[in-house]
Each structure stands twice: as C-alpha cells, then as structure tokens.
Amino acid sequence: VIDTLMSRLKWTDQQLAGKHYLMGDRFTVADPYLFNVTNWAPLVKVDIAGFANLAAFRARMASRPAVQAAMKAEGLLK
C-alpha cells in the first residue's frame, strides 16, 4: 500500500513540475482537494518531504487567504 501511495505521489509531483496548480496556471477544485489530502501525510506517517514540486504547490496553497481562513477555522492555524 505504501509503495502504491508513494508512486502516486511521485506521479503527482511530476505533474506539478513547471505548474502553479494541477491544471497549469488555473486554480481548479482539484487543488484544494490535493492540499487537503496531503495534509494527512504526517497523520498517517507518510514522508512527502522528498517531493519538491508538491512542497512548492503546498506552500502556494497555504499562502492563499481562503486556505488560511479555513485552516484557522479548523484550528490548524493560530
């Protein structure tokens, strides 16, 4: 299961290369979903630190005001 998950994360990381979002420069519903799912990684002890494009994507998403407001409302940000 972990090998399959890591291969999917590797594929996703490759898809993000040179893009701001999954579909390129356009924000779509897939982006907050990916952000949310990857937020679970530490909870299930999956190390995603080696995926540079995914990390950059996550940083872009985390900087969005709506994402910050949602995370604050959920108690994930102070």
Side-chain angles (χ1 to χ4, degrees):
V1 174
I2 267 297
D3 290 338
T4 301
L5 175 59
M6 295 309 282
S7 74
R8 300 293 195 271
L9 288 169
K10 180 179 178 183
W11 181 85
T12 303
D13 187 67
Q14 292 168 342
Q15 295 304 304
L16 286 166
K19 299 178 185 174
H20 285 119
Y21 302 106
L22 281 171
M23 301 306 291
D25 289 331
R26 203 173 104 218
F27 180 83
T28 69
V29 69
D31 299 302
Y33 184 76
L34 176 59
F35 181 74
N36 189 48
V37 168
T38 56
N39 275 339
W40 301 335
L43 300 173
V44 295
K45 302 199 184 344
V46 173
D47 183 11
I48 61 173
F51 300 111
N53 297 317
L54 187 55
F57 164 82
R58 290 182 41 72
R60 278 190 296 281
M61 288 296 296
S63 71
R64 294 176 65 92
V67 172
Q68 290 178 3
M71 291 179 72
K72 188 173 183 179
E74 293 178 9
L76 301 172
L77 285 180
K78 295 178 184 180

Inset, instruction - Please indicate whether W40 has more than 12 foreign heavy atoms, meaning atoms of other residues, nucleotides or ligands, lying under 6.0 Å from its CH2. - result: yes

Legend entry - Non-hydrogen side-chain atoms of V46 and L9 separated by less than 4.5 Å: yes

Can you hop from [X] to [Y] via hydrophobic side chains spaced under 4.5 Å?
X	Y	result
L5	F51	yes
V29	F57	no
Y21	W11	no
M61	L76	yes

When rounded to the nearest 0.5 angstrom, what is the spacing between [atom1] in [X] and [atom2] in [Y]?
X	Y	atom1	atom2	result
N36	L34	CG	CG	9.5 Å
K19	R26	NZ	CZ	12.0 Å
I48	N39	CD1	CG	8.0 Å

Inset, instruction - Could you pull out the closest heavy-atom pair between F35 and V67, with the gap in Å? - result: CE2-CG1, 3.5 Å

Legend entry - Flag, side chain of D31 to backbone of L22, donor-acceptor distance under 3.5 Å: yes

Inset, instruction - For the pair D13 (side chain) and N53 (backbone), establish whether a donor and an acceptor sit closer than 3.5 Å, ignoring hydrogens and angles. - result: yes

Inset, instruction - Determine, for F27 and R64, whether the Lys NZ or Arg CZ falls below 6.0 Å from the six-membered ring centre while staying within 45 degrees of the axis. - result: yes

